[in-house]
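Read through the structure below, which is laid out as structure tokens, and then see the notes.
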Amino acid sequence: MLKGITDFLKESNQNGFGFFVVSVLFYLFVFFLIQFFQHKKRFYLFYSLYALMNGITLLKYIDGVFFSDFFHTHAGRIFVGWVHYPTQLLASMLFSFFILDIMQLKNAHPKFVKWTYRAYLGITPIYLFLWAVQLNNPRSYLIDYFHGFFFLPMSLIVFVLGFYWVSRQNRMIKWYILSGMSALFVSYLIITLFSFEKTRANSETLYIFYLGVLIESLLFALAIGLEQKMVYREKAYVQKKYIDQLEENQVIKESIVRTLSDELLQTKAEIEGLSSEAQKERTEKLTMKMENKFAQLRLDALRSQMNPHFIFNALNSIKSYFIENNQEKAIYYLGRFSKLIRGILESSRKDLITLEEELNIIKMYVEIESDRFKNGMEYTLEMDKEIPAHIVLVPSLLLQPFVENSIWHGLSTRHGKKKLSIKVEGKEPSENLTITIADNGIGRQASRAKNNQNPLKGQSLGLSIIKDRLDFFSKKYQGDFNFAIHDLVDKKTGKPLGTEVVIHMPKLMPDSEPVEKNF
């Protein structure tokens, strides 16, 4: 039985097995080329073209099929002479580039990847030049010497180093990649041993290469399928996190609404019970308490309305990485986003947080938004050293709507370097706190014009929410909480230079007490 199998494999060029392997290679070429146009990932293109090169190389050995007679003609021999060495060169390059790309070795071992690309790009002009020399002079064997004594050893070095670095990777697909590389290497090694024994390999030993290529192709296809499956899982995970966050936000909003409704009904019932003239003073105090509680719960409701908008905008900044299947950056920014969400939820439960906490939230938000511009946004923070940022209290999530407007309405459509700066002043203990947010965006006039051209663009509620909140804090803490927006223009040309928001507020310390009587 074993002899029968061996005899069958030795006749693979005539019995259809070789044609089957070539057909698989051409199928893989078409299939993964389509995948490349759908997903725009380079390793699909590399593997597709690699399968094509192997298929073209093996075509000339197949007998008994519709194209086999062509290779016995003068035109067929010319075709073989033209494609033999270029396919060898391209197959080796594409194989190496595929391994580097699918295993993402550029992130873990950038020097090796850079060396590999430079080695192939450096050797290609020499290789093609010697190939052209042989085409003009068939008796020239320079390309054979160069191929055997320089190109093949260099390719072997790249293969061995690539095998080593792949084995060091902590990814599930590495076992398929390593197995495929091993199958191909073993087939080359066995054919080489036959070459030493019989001077050169003949068509009877070609089945070894058929088996190696077939096994390698199937294993690499499984690796690509597994990689795609992992990408889909990552996308599903992110979508679930996003939906869970929105559901949690909706629960917070409904809880606040229920609490507000219960408080109003309870207070109304208490007021209706105070009908006598003797209880008039108590009624006034109770009414004052109701208004104070109403204002406090209204503030919480405003914050809960702002959170979904805030979360949605932040998620848009990292969503593109999952679409592009850039897992490393996506996971990094997902971690940053999770930390940001925790900070927002903790801050939304408080009236006041420290200036340091507020600035940290803004820093994380700006970092995520900056990534949306491919790190094309420069963010700076200036603060008087005398300000105790870890003690001074400010309204929670106060700066975010202004920063968001600067980014989305001022900087997002600006060409060139985008700059955003925050300046905090008020070093004297008795001096009010002044926070200036400035950008070099397109300005409010140009932004309004763009919004008018886009009827689907909704009006942001951020500034109106902030105004209501500052009015509330002005009454509660007997201080002047306000903000003003200025257009920055070139005094000579009148050209818009950006927008500046100046926020004024008193310095609140942990011992600051609200003034209830003013409600």
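One is the number of the first residue; the rest follow in order along the sequence.
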Across all chains, not counting sequence neighbours, the ring pair (Phe, Tyr, Trp, His ring centres under 6.0 Å) partners of F146 are F150
Would you check if there is a donor-acceptor pair between the side chains of Y47 and Q35 at a distance under 3.5 Å? no
Next on the checklist: Would the distance check show the side chain of N137 and the main-chain N or O of V133 forming a donor-acceptor pair, the cut-off being under 3.5 Å?
Outcome noted: no
Applying ring pair (Phe, Tyr, Trp, His ring centres under 6.0 Å) to F185 and not counting sequence neighbours gives F159
Taken in chain and number order and not counting sequence neighbours, the residues that satisfy salt bridge (Lys or Arg N to Asp or Glu O under 4.0 Å) with D244 are K240
* Asked: Is the side chain of S92 donor-acceptor paired with the backbone N or O of L89 at a distance under 3.5 Å, no angle test?
  -> no
In short, salt bridge (Lys or Arg N to Asp or Glu O under 4.0 Å) pairs touching residues 96-119 with sequence neighbours left out are R42-D101
D487 meets the salt bridge (Lys or Arg N to Asp or Glu O under 4.0 Å) criterion, sequence neighbours left out, with R444
Regarding Y237 and R233, do their side chains bring together a donor and an acceptor under 3.5 Å, going by distance alone?
no
Please check: side-chain N/O of N440 versus main-chain N/O of K419, any donor-acceptor pairing under 3.5 Å?
yes
Worksheet item: Is the backbone of V366 close enough, under 3.5 Å, to the side chain of S370 for a donor and an acceptor to pair up by distance?
Response: no
key: Heavy-atom side-chain proximity of L340 to E367 below 4.5 angstrom   = no
The reported gap from CZ in F37 to OG in S48 (rounded to nearest 0.5 angstrom) is 8.5 Å
Does the side chain of S96 come under 3.5 Å of the side chain of T116 through a donor N or O and an acceptor N or O?
-> no
Item checked: Parallel, tilted or perpendicular, as decided by the 30° and 60° cut-offs, for the rings of F97 and Y117 -> parallel
Query raised in the report: What about F43 and F32, are their ring centers closer than 6.0 Å?
Result: no
For K40, the salt bridge (Lys or Arg N to Asp or Glu O under 4.0 Å) test, sequence neighbours excluded, returns none
Whether E378 side chain and L420 backbone form a donor-acceptor pair below 3.5 Å: no
